[in-house]
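Residue numbers begin at 1 in each chain, while the letters A, B, ... track the order of the sequences.
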Amino acid sequence: MSAPVVTRFAPSPTGFLHIGGGRTALFNWLYAKRHGGKMLLRIEDTDRERSTPEAIDAILDGLKWLGLDWDGDVIYQFARAPRHREVAEEMLARGRAYKCYATQAELEAMREKAKAEGKPMRYDGRWRERSEADRQAAEAAGLKPVIRLKAPLEGETVVEDLVQGRVTWSNDNLDDLVLLRSDGTPTYMLAVVVDDHDMAVTHVIRGDDHLTNAARQTQIYQAMEWKVPAFAHIPLIHGADGAKLSKRHGALGVDAYRALGYLPAGLRNYLVRLGWSHGDQEIFSTEEMIAAFDLKNVGRSPARFDFAKLESINGHYMRHTGDEELLSAIETMLPYIEGGPALLGELNQLRRAQWLQAMPGLKERAKTLVELVEGSRFLFATRPLALDDKAREILEKGGRALLKALLNRLESLETWDAATLEAAVRAEAEATGQKLGNLAQPLRAALTGKATSPGIFDVFVVLGREESLGRIRDQATA
RNA sequence: GCUCCCAUCGUCUAGAGGCCUAGGACACCCGCCUCUCACGUGGGUAACAGGGGUUCGAAUCCCCUUGGGAGCGCCA
């Protein structure tokens, strides 16, 4: 029986959870779920200068909104520094690491020289085999050492990557990396390895940008004689122009996608298809996603972020989401958009009921919750309605006259349902020899203030008799 | 500069030597449906980066070129 799968998502809280990180988290989550394992969450906050509690909150909030949960408590890497130090000391004791007293100036000179000679920029190992006397002399001179890994000089280091395949580095391209800084704090490279080992992580699924780190980390595992976890380096997400994702492109925090009106399920579906595929299938329920997900169908080339496709998928989810659920999604989104809180304040029982009633016609016409809210404005509008340009044009070019004629018919209706209303308007159209659209558009303009809306007879019903007639009268007599 | 990775329609991708006259989705164009806009639906434009091999046969394997990307810190 193989060990249970343990994955982890390990963001550093130096910024918000961006879309690439969101996808990495999703892949880790899916892989863990797929294999009945666990996904752990570790906050890599060892950079005390740049880590902020706000960023930690944003990351946790973003994951929760995306619907990705983790097992156990959140692990904070900084709190584990003593353990990291302990491992560094152990490596020293085992002769797999050594103290290095090279100064920043020496290091800088080394880099300059390498550059000038066209050689790889790497530490030359000058303290690898120094005598005890040299070390004492350095200490006496007040130098604080770092602890470096005594990396293998010959042979090669191999990473068997579940996505990238077998990747090989010649060891003379890998230098003796720093494990412990001169101030006694661990470096990222050490901390990651120690934490992943201690957390019993079996699968490290992360961005492609860590591929070369995997080689160096493998050397640390080997020095400690620890089992190397399986690696899976997934390709990065690029902006629409192919360049690295930046704030300008779509590397927005996932919270921004919430404010843009995307549904978590829609975003997840879009994200899972970025780099991964399952034949021709485009839409996946969460269960299908879990059942179908694997690493071998993750591609190796970077993908561009495409808002048009995200919108399309999100639109699909909007149409297939229940009305009540959609309304509550709107309510959780409203606080994050302009004018949202005010709208939220107007959401009384009556309004909710109306909105719910109009939802089937509304959700079919929106690709995002923001668009849905936009299309719902007429529900909340108060008389006399403000008209947009197209609605005004319809009314001014003969629309008002038509409304006057219609008004009598409508006012005399006994029942107020879609079928009755449609019959009445059609009767008027026939009597005057016009197309239904000729009458529908002025009605739409009067009722919604716009030239587009859900079916006009549904609008009549949602608005109710009094409000509908009032809005028509406003325009007919204007 | 050095190391590593990548390369199919505009975009996301299917394709694991013959099933490919290269499939699907988004976007785009033209229809149908229709009270508007959508939805739905029918159809269309559009790709194997280039060059060498290997093979009876290559989008699929190998090499080179070109083009992208990532990493080269006492950052993570």
| said: Give me the distance, rounded to whole Å, that separates B/U60 from B/G18 when you measure between the P atoms they each carry. | reply: 12 Å
| request: Name the nucleic acid region contacted by A/Thr46, choosing base, sugar-phosphate or nothing; use a 4.0 angstrom heavy-atom cut-off, strictly under. | output: sugar-phosphate
| field | From B/A38, B/C12, B/A70, nucleotide with atom closest to A/Leu274 side chain | value | B/C12
| said: By the 4.0 Å heavy-atom rule, please label A/Leu211 as base, sugar-phosphate, or nothing. | reply: sugar-phosphate
| task | For B/A14 and B/G24, measure between their P atoms and round to the nearest Å. | result | 15 Å
| message | Around atom CD of A/Glu108, are there more than 12 heavy atoms from other residues, nucleotides or ligands closer than 6.0 Å? | response | yes
| field | Charged tip of A/Arg23 within 45° of A/Phe27 ring normal and under 6.0 Å | value | yes
| task | For nucleotides B/C64 and B/C6, find the distance between their P atoms and express it as a whole number of Å. | result | 14 Å
| Considering only side-chain heavy atoms of A/Pro302, which listed nucleotide, B/C6, B/A38, B/A76, is closest? | B/C6
| query | Using a cut-off of 4.0 Å on non-hydrogen atoms, how would the nucleic acid contact of A/Val146 be classed: base, sugar-phosphate, or nothing? | reply | base
| query | On a whole-Å scale, what distance lies between the P atoms belonging to B/C32 and B/A16? | reply | 40 Å
| query | Which value, in whole Å, describes the distance between the C1' atoms of nucleotides B/C19 and B/A38? | reply | 39 Å
| request: For A/Ser301, report the nucleic acid contact type (base, sugar-phosphate, nothing); a contact means any heavy atom under 4.0 Å. | output: sugar-phosphate
| field | Lys/Arg N to Asp/Glu carboxylate O, A/Glu282 vs A/Lys309, below 4.0 Å | value | yes
| task | State whether the distance check finds a donor on one side and an acceptor on the other, under 3.5 Å, for side chain A/Asp280 versus base B/G23. | result | yes
| task | Starting from P on B/A27, measure out to CG on A/Leu310 and report it in whole angstrom. | result | 12 Å
| Near-ring test A/Tyr98/A/Trp127, centroid separation under 6.0 angstrom | no
| said: Just to be sure I understand the rule, does A/Glu364 reach a base, reach only the sugar-phosphate, or reach nothing, if contact means heavy atoms closer than 4.0 Å? | reply: base
| field | Minimum-distance nucleotide to A/Arg444 side chain [options: B/U36, B/G71, B/C12] | value | B/U36
| query | Any donor-acceptor pair under 3.5 Å between the side chain of A/Lys309 and the base of B/A25? | reply | yes
| Assigned partner base of B/U11, Watson-Crick or wobble definition, under 3.5 Å | B/A25
| Nucleotide of B/C26, B/C2, B/A76 approaching A/His210 most closely (side-chain heavy atoms) | B/A76
| task | With heavy atoms under 4.0 Å as the rule, sort A/Asp45 into base, sugar-phosphate or nothing. | result | nothing
| Base, sugar-phosphate alone, or nothing: which one does A/Ala102 contact when heavy atoms must sit under 4.0 Å apart? | base
| note | Which of A/Lys144, A/Glu139, A/Glu106 passes side-chain hydrogen bond (donor to acceptor under 3.5 Å, both in side chains) with A/Tyr101? Answer is A/Glu139
| message | At 4.0 Å (heavy atoms only), tell me whether A/Ser312 reaches a base, stays on the sugar-phosphate, or touches nothing. | response | sugar-phosphate
| message | Between B/C35 and B/C48, how many Å separate the two C1' atoms, rounded to a whole number? | response | 47 Å
| With a 4.0 Å cut-off on heavy atoms, is A/Glu282 in touch with a base, just the backbone sugar-phosphate, or nothing at all? | base
| query | What nucleotide, of B/A38, B/A76, B/C74, holds the atom closest to the side chain of A/Arg365? | reply | B/A38
| task | Name the closest nucleotide to the A/Val178 side chain, picking from B/A76, B/C74, B/A38. | result | B/C74
| A/Arg319 near the nucleic acid: base, sugar-phosphate alone, or nothing, with a heavy-atom cut-off under 4.0 Å? | sugar-phosphate
| task | Check the side chains of A/Thr157 and A/Asn171 for a donor-acceptor pair under 3.5 angstrom, ignoring hydrogens and angles. | result | yes
| query | Choosing from B/G73, B/C6, B/A76, which nucleotide comes nearest the side chain of A/Arg300? | reply | B/C6
| Given the C1' atoms of B/U8 and B/G68, what is the spacing between them in whole Å? | 15 Å
| Of the candidate nucleotides B/U11, B/C35, B/C6, which contains the atom at the shortest distance from the side chain of A/Ile456? | B/C35
| field | Pair of N/O donor and acceptor under 3.5 Å linking B/U11 base with A/Arg273 side chain | value | no
| task | Give one of base, sugar-phosphate or nothing for A/Ala451, where a contact means two heavy atoms less than 4.0 Å apart. | result | base
| query | Counting side-chain heavy atoms from C-beta on, which of B/A16, B/A70, B/A76 comes nearest to A/Tyr188? | reply | B/A76
| message | Students often get this wrong, so: under 4.0 angstrom with heavy atoms, is A/Gly455 touching a base, only sugar-phosphate, or nothing? | response | base
| query | Roughly how far, to the nearest 0.5 Å, is OG of A/Ser51 from CD1 of A/Ile43? | reply | 9.0 Å
| task | For A/Glu311, report the nucleic acid contact type (base, sugar-phosphate, nothing); a contact means any heavy atom under 4.0 Å. | result | nothing
| field | Closest listed nucleotide, where the reference is the side chain of A/Ala308 and the choices are B/G73, B/A27, B/C35 | value | B/A27
| said: Once you apply a heavy-atom cut-off of 4.0 Å, does A/Ser453 come out as touching a base, just sugar-phosphate, or nothing? | reply: base
| field | Toward the 5' end of RNA chain B, by each residue's nearest nucleotide, A/Pro454 or A/Thr168 | value | A/Thr168
| message | Tell me whether the side-chain N or O atoms of A/Ser182 pair up with the base of B/C74 as donor and acceptor below 3.5 Å, since no angle test is needed here. | response | yes
| said: Say we look at B/G44 and B/A58: how far apart would their P atoms be, to the nearest angstrom? | reply: 29 Å
| Steps toward side chain to side chain contact (heavy atoms under 4.5 Å, CB included) verdict (A/Met359, A/Leu372) | CA-CA 9 Å; A/Met359 202 60 89; A/Leu372 202 167; 3.9 Å; yes
